[in-house]
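Chain A is the first sequence line, chain B the second, and so forth, proteins listed ahead of strands; every chain is numbered from 1. Values below: every heavy atom of this structure, side chains too, minus hydrogens, waters and symmetry copies.
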Amino acid sequence: MSGMAAVGAGGAERPRLSLRWREAINFYLFLAPWILGFLAFTAIPIVASLFLGFTKYNAISPPDFVGLKNFRFLYNDQVFWKSLRVTLTYTVVFVPLQLVSSLLLAMLLNLRVPSMRTIRTIYYLPSILPTVVTGLVWIWLFNADFGLINFFLYKAFEIRGPNWLGSERWVMSAVIISGLWALGGGVIIFLAALQNVPGEFYEAAELDGANILHRFWHVTVPMISPVILYNLMIAMILSLQVFTRIYVLTQGGPNYASYFYNLYVYDNAFSYLKLGLASAQAWILFVLILLLTVLALRTSGRWVHYSGGV
Amino acid sequence: MVLTRRRFLKSSAVAATGLALAACVPAEPSVDMPAGTGGDAAMTEITYLIRSDIGVKIQEWTDEAIADFATVEPNITIETIGVPWGDYNAKLLAQYAAGDPPEISANYAAGFPTFYANDAIVALDELVSENNVDLSVIEQAALDAVTRNGKLWALPLAHLPTIVYYNLDALEEAGATIPPIDWADTSWTTDAMLESANAAAQDMDDPTKAQYGMIFGNGQLGVFEWLWGADPFNDVGGPEHTEAYKTGIVTESFYDSETMNNFIGWVYDAIYGSSPVSPRPSDTDAIQQLVGWPMMSGRIGMAINGAWSVTNFAAVEPSWRWGVGAFPYGPAGVNTSPLFNDSWMLGKGAKEQDAGFRFLQYLAVEKGAELYAKITGFFPAHKENYPIYFDSLMNIPNFALSREEAETALLDAFNYGYVTPGKTLDSYPEWNRTFNQTMGPIWNAEVSVADGLAQVQAQFESVIESKS
């Protein structure tokens, strides 16, 4: 039977596909579920949002092409610029703090002390807790009159703490502090990188008389610099897209002092029925992230060391 | 057939693709079919978007109403989708964008005016007439609130005035004036209320022990200014002079007016003045996180809120006696109470218009309305169900009023009310966000009232300009 598989009803031999074609078909058949999912949930929405960015669209009526009107509107919109300023301020302050804190924590967690596995697990826990839940806890902690933070400040230093979430001046600090609590993701990656630094490099440096700071600066940092770059880019992208924590903590207030970019995109899209405008905003953010990522990559040649010489 | 590696791989790939595609097919509705109707080809399914965050009573009412409706109309099944207030708009929009709007939704979040302005809902007049629906049973003011250009765009289920709630035990102990039930009692003024709050306030220096005299608030977009004889959206007088409440379109605002300064200044002094009676925002937030509506903490003498807050007393069953009273007269000699309505709409483009309206009719004027009055604790728009509502109200523990007094306090409110902006303005969420954001610095005492209101006005002007 197997030898006759290619013989058709008329007895003529069906032309067989070449091995290359058969493999290609198999390849795409296996990929098909992912490709379909990618097209339906990522590629087509991205293209559609680009088109919608040039329309007036409220999800109820068909989109109406308006050219560059959405972009012109945003250019003249005070809230747009304020939300952009808030987001960039947060990114500029938060990302370096997060990187340094994550690296320091990873170095601590890289020490050989008893129960280190348990300690590592505990430090990672905040990263897997739901943001909404931790946000509600932070609201309590930051409460001006009843919060633990102000209670501690008063008991320890007799300082009357600020109205963290209600003050235009302090709300950004509160948002940054609450963000620094969940460092687990970056810490894990730094920890893996630290554990991959060959021990003999440190031994050689020690023999050359390098102290702990020299070893950190001239061995650790260059060796893990590709991971620093990776964490930098991820932290930057995530900082520019902060949403859930702010939605729970402050709703963007007071007076737009914590009105992050994505909160404004969400409001325009789903509260104000301006999906065209929100799409234009989303594309502006995309271009901004792209530019910053390219900038980070372009400058990385000066400080990132690839051991393979890449 | 021999299962070769190639055949196995091909079959697996085809099966995986099939499964992926099958996952994209909508699941069968989870709603139970009424007994005896299973498999009937004439079954019609409609979608009903409800709020999932306003207490178990709404869910209980929904379940009971749907079960009862199944006995009335066995060929119509209801698929309910529950979403909280904050996501209500997003869900509704997503359904419209997908070309599958729900047959029935309520005027929460963006509300009826926004959906009316965007041509997203169906005018109900023809359906009302075709189905001989008797609308005279519904409170006329509630119907007026959902009428635009002479057409009816929704059917109201709840019609709710803004009233004063009070902790009778706390007020009596302090010897403070009790808010009257009589809405015509002109001796009950904002100053009288402040005096009463002053008597009730204790330990205001210590937020852990403080007994607050009152929480007044500002009303939606600051409309408690009505008591001062003005409105944020006209420079002539009260809400009756505001064109935006009739058209839904805001074209001007007057947040930096003298009256708004006087009104906000009065509320500000109640919080930060030399003898404060109201909690600061951070204290309110803390109490709110513990008990929800701060009044339920037992630490507030009086609080102003919509009549829906009766449901809080039913849920919490406080150990202290409580009551409801009339809105106070302001310096302008009026006690205009903002009126709310919860109305249900028929989605334009929804597939089952007739079945949808049938269910809407059931909810608004038939047994559904009766169950609503009995179960939810929301003041019904259906006048014949008032007795059912008051029966339920009188069953709430420690309610200090007689039935007659309760009827006076709540029913007379409608003679003094005006529909609140959240139920009349197009794009209300945007106005609300603008107002709340820009009022923050005032309520947190970071700027003076005058400077803060100037910022509010500037931001409103900016939004108005962007919409023009």
Side-chain angles (χ1 to χ4, degrees), chain A residues 1-2 22-23 25-37 40 57-61 73 76-79 82 136 139-140 142-147 150 163-169 171 247 250-257 259 263-264 266-275 277, chain B residues 1-2 4 6 9-10 12-14 16-17 19-21 23-24 86-87 89-94 96-97 101 109-110 114-115 118-120 207-208 280-283 285-286 289 348-349 427 429-430 432-434 436-441 443-447 452 455 458-459 462-463 465-466:
Chain A
M1 176 68 190
S2 60
R22 288 202 303 276
E23 284 196 336
I25 288 169
N26 285 337
F27 173 77
Y28 283 110
L29 267 176
F30 271 99
L31 275 190
W34 183 86
I35 291 175
L36 286 174
Y57 179 52
N58 62 10
I60 297 165
S61 315
F73 173 84
N76 294 311
D77 180 18
Q78 292 171 28
V79 179
K82 189 150 190 179
L136 291 172
I139 291 176
W140 261 116
F142 282 127
N143 187 281
D145 294 322
F146 300 98
N150 280 2
N163 185 356
W164 294 95
L165 299 176
S167 158
E168 280 188 76
R169 195 191 303 171
V171 70
Y247 189 79
T250 67
Q251 291 271 316
N255 200 18
Y256 302 100
Y259 201 55
L263 198 55
Y264 194 30
Y266 175 86
D267 274 344
N268 269 327
F270 297 112
S271 301
Y272 310 161
L273 282 71
K274 297 174 181 173
L275 273 85
L277 189 66
Chain B
M1 184 189 290
V2 178
T4 62
R6 180 171 296 135
L9 289 174
K10 273 188 180 169
S12 306
V14 170
T17 313
L19 281 173
L21 290 174
C24 300
D87 297 330
N89 252 4
K91 180 65 188 171
L92 198 49
L93 280 186
Y96 271 100
T114 302
F115 283 85
N118 286 287
D119 195 24
T208 60
R280 284 173 291 174
S282 54
D283 302 336
D285 289 347
Q289 275 204 300
K348 196 169 190 176
S427 307
E430 190 169 1
N432 188 41
R433 169 79 78 190
T434 305
N436 289 339
Q437 284 284 348
T438 46
M439 286 297 288
W443 294 138
N444 288 306
E446 293 209 304
V447 294
Q455 282 186 39
Q459 195 58 41
S462 168
V463 178
E465 194 186 333
S466 75

Original post:
Relative to chain B, which of A:Trp34, A:Tyr57, A:Tyr259 shows the most heavy atom pairs under 4.5 Å?
Top reply: A:Tyr259
**OP:** Select one option (side chain, backbone, both, neither) describing which atoms of A:Glu168 are under 4.5 Å from chain B's heavy atoms.
**Re:** both
**OP:** Flag the one option from A:Leu136, A:Asn268, A:Leu273, A:Asp77 with the top tally of heavy-atom pairs under 4.5 Å to chain B.
**Re:** A:Leu273
**OP:** Would you mind checking which part of A:Ile139 comes under 4.5 Å of any heavy atom in chain B, side chain (CB onward), backbone (N, CA, C, O), both or neither?
**Re:** both
Original post:
Quick one: are B:Asp87 and A:Phe270 in side-chain contact, heavy atoms under 4.5 Å?
Top reply: no
Subject >> Part of B:Glu430 lying under 4.5 Å from any heavy atom of chain A >> reply: both
Original post:
Between A:Gly37, A:Gly253, A:Gly147, which shows the greatest number of heavy-atom pairs under 4.5 Å with chain B?
Top reply: A:Gly253
Subject >> Closest non-hydrogen atom pair, A:Phe146 against B:Ala286 >> reply: CD1-CB, 3.3 Å
Original post:
What part of A:Trp140 lies closer than 4.5 angstrom to a heavy atom of chain B: side chain, backbone, both or neither?
Top reply: both
**OP:** Taking all heavy atoms of B:Asn89 and all of A:Ser271, pick out the closest pair and write down the distance.
**Re:** ND2-O, 3.5 Å
Original post:
In terms of heavy-atom proximity below 4.5 Å to chain A, should B:Thr114 be classed as side chain, backbone, both, or neither?
Top reply: side chain
**OP:** Using non-hydrogen atoms and a 4.5 Å limit, figure out which bit of A:Tyr247 sits close to chain B: side chain, backbone, both or neither.
**Re:** side chain
Subject >> Proximal component of B:Pro207, with respect to chain A [non-hydrogen, under 4.5 Å] >> reply: both
Original post:
Which atom pair, heavy atoms only, marks the closest approach of A:Leu275 to B:Leu93?
Top reply: CD1-CD1, 4.1 Å
Subject >> Proximity breakdown for A:Ala40 and chain B, heavy-atom pairs closer than 4.5 Å >> reply: neither
Subject >> CZ on B:Arg433 to CG on A:Leu263, rounded to 0.5 Å >> reply: 5.0 Å
Original post:
Which residue, A:Leu165, A:Asn150, A:Asp145, forms the side chain to side chain contact (heavy atoms under 4.5 Å, CB included) with B:Ser282?
Top reply: A:Asp145
Original post:
Picking from B:Met439, B:Gln459, B:Gln455, B:Glu465, which has the most non-hydrogen pairs under 4.5 angstrom with chain A?
Top reply: B:Gln459
Subject >> Heavy-atom pair with the smallest gap, counting every atom of A:Ser61 and B:Asn118 >> reply: OG-O, 3.9 Å
Original post:
So do the side chains of B:Thr434 and A:Tyr256 get within less than 4.5 Å of each other, counting heavy atoms only?
Top reply: yes
Original post:
Where do B:Glu446 and A:Ser167 come nearest, in terms of heavy atoms and distance?
Top reply: OE2-OG, 2.7 Å
**OP:** Under 4.5 Å heavy-atom distance to chain B, tell me which part of A:Asn58 shows up: side chain, backbone, both or neither.
**Re:** both
**OP:** Could you tell me the separation between the OG atom of B:Ser466 and the CG atom of A:Asn76, rounded to the nearest 0.5 Å?
**Re:** 10.5 Å
